[in-house]
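Notes to accompany the following structure.
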Amino acid sequence: MHDFIYNAHPARVIFGPGTMSTVGAEAERLGMRRALVLSTPGRRSSADAVADMLGLLGAGTFAGAKMHTPVTVTDAAMKLVEALGVDGLVAVGGGSTIGLGKALALRTDLPQIVIPTTYAGSEVTPIIGETKNGLKTTQTTAKVLPETVIYDVELTLSLPVGVSATSGMNAIAHAVEALYARDRNPIISMMAVEGVHALVSSLPAIVRDPNDVEARSNAQYGAWLCGTCLGAVGMSLHHKLCHTLGGTFDLPHAETHTAVLPHALQYNAPAVPEAISALRGALDHDEPARALYELAGQLGVSRALKDFGMPEDAIDRAADLALANPYWNPRRLERDGVRACIAAAWAGDPPHAF
Ligand code: NAD
């Protein structure tokens with residue numbers, strides 16, 4: 001057992017089918033009288049249903065959330081917050097909607113209820129990334145941590161299997177890197193193992209039957225645990241690569257995580273025997289990187305960055321960018337190895353020693 005500091009983030013988590021109906025009571029608990037409900041354009045119907053449940057406590061709906069939290073969208077939502085005298089936020093959706101809620105909380109300190117509908121895990125992190133003039137900057141501040149999270153499995157039944165698979169892999173990536181974080185601790189490592197196990201055992205069942213409520217519940221449980229890992233300890237090469245690739249080549253967030261994860265883990269494997277041993281148990285496989293690659297194949301999602309429009313001649317640039325301003329990493333970052341790691345993710349090859 002090594003020395004550690006464990007910083008728990010406060011969170012009130014309400015878990016179970018039908019729990020969306022508690023939103024009014026939760027809003028009241030937080031002192032909301034004029035809550036604004038947020039969603040992406042595609043999820044307006046869910047946002048309207050929540051607004052109906054809020055009744056007189058609802059001030060309106062803003063269904064304009066977009067991926068990567070563009071400040072132009074936040075500015076438009078801020079106008080509504082001011083015009084309507086909003087005193088609380090209810091985000092209904094995935095990381096994009098939750099990002100908008102956090103951006104508004106950053107500017108106003110308003111309390112937030114989040115009703116997540118994907119597995120990305122943003123609802124339990126104090127992290128906010130915002131995009132201005134094409135540049136995404138990320139900060140960590142307790143101001144954006146949601147006060148209450150309602151995990152209602154019923155809202156996830158409509159999540160397409162492809163997004164379910166990739167946002168689940170995105171969540172697994174948080175737990176994998178938490179297991180070898182410089183500031184890791186035994187509580188978060190325990191959550192990471194449990195979170196990975198819950199997701200790897202539920203995602204294939206969801207792909208077979210998207211209406212499998214039990215598998216969907218397990219995936220939500222896993223997403224919560226993995227998101228908690230992301231919020232609690234530092235991330236390394238995998239997250240750095242995904243942020244660099246996503247930001248520079250405009251690649252889709254969760255799909256990029258899915259393609260990169262087996263290779264980033266393979267790169268770090270020689271330096272992190274304890275994490276590999278924990279992942280062997282969670283994944284029930286001797287080679288964790290290989291297991292994640294096979295899982296993505298089994299889920300039927302792409303494992304190749306080239307499928308998302310990344311040109312082959314961008315591999316070198318990506319390697320340079322990943323090394324220019326690196327996150328702490330358990331294994332020393334060597335350009336040839338990092339380049340080979342990106343090249344394998346680009347091609348969709350199985351992970352091999354880098
Ligand atoms: P998303 O929120 O962008 O949703 C993907 C698509 O699925 C959207 O079109 C959305 O409308 C749709 N959708 C969501 N839930 C649905 C449902 N139940 N049924 C049908 N359609 C549904 O995807 P995401 O992967 O959850 O979030 C990605 C974003 O979150 C990125 O911007 C990423 O940077 C951010 N993120 C932030 C953190 C953090 O801690 N700050 C963590 C993870 C991800």
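All values below were derived from every heavy atom in this structure, side-chain atoms included, with hydrogens, water molecules and symmetry-related copies excluded. Atoms within a ligand are numbered from 1 in the order they appear, just like the ligands themselves.
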Using residues 74-101 as the side-chain source, report each donor-acceptor pair under 3.5 Å to any protein atom, sequence neighbours left out, with the distance given to one decimal.
from: T74; atom 1: OG1; to: P70; atom 2: O; distance (Å): 3.4
from: D87; atom 1: OD1; to: R33; atom 2: N; distance (Å): 3.1
from: D87; atom 1: OD1; to: R34; atom 2: N; distance (Å): 2.7
from: D87; atom 1: OD2; to: R33; atom 2: N; distance (Å): 2.8
from: D87; atom 1: OD2; to: R34; atom 2: N; distance (Å): 3.3
from: T97; atom 1: OG1; to: T40; atom 2: N; distance (Å): 3.4

Flag for N268-Y180: side-chain donor and acceptor within less than 3.5 Å: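 The answer is yes; a qualifying pair exists.
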Every residue of the protein that comes under 4.0 Å of ligand 1, judged on heavy atoms: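 Close residues (ligand 1, cut-off 4.0 Å): T40, R43, M67, H68, G94, G95, S96, K102, T117, T118, A120, S122, T125, I127, K136, L155, S158, L159, P160, L230, H253.
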Y327: which of E177, K240, H243, H239 passes side chain to side chain donor-acceptor pair (under 3.5 Å):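 Only one of E177, K240, H243, H239 forms a side chain to side chain donor-acceptor pair (under 3.5 Å) with Y327, namely H243.
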SB check R216 E214 (cutoff 4.0 Å):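 Looking at E214 together with R216, the answer is no, because their closest N to O distance does not fall below 4.0 Å.
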Sequence neighbours excluded - salt bridge (charged side-chain N to carboxylate O under 4.0 Å, His left out) pairs with any residue from residues 100-120: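 Every salt bridge (charged side-chain N to carboxylate O under 4.0 Å, His left out) pair that includes a residue of residues 100-120, provided the two are not neighbours, is R107-E130.
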For H9, ring pair (Phe, Tyr, Trp, His ring centres under 6.0 Å) partners two or more places apart: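 Testing H9 for ring pair (Phe, Tyr, Trp, His ring centres under 6.0 Å), a comparison that skips the adjacent residues, returns none.
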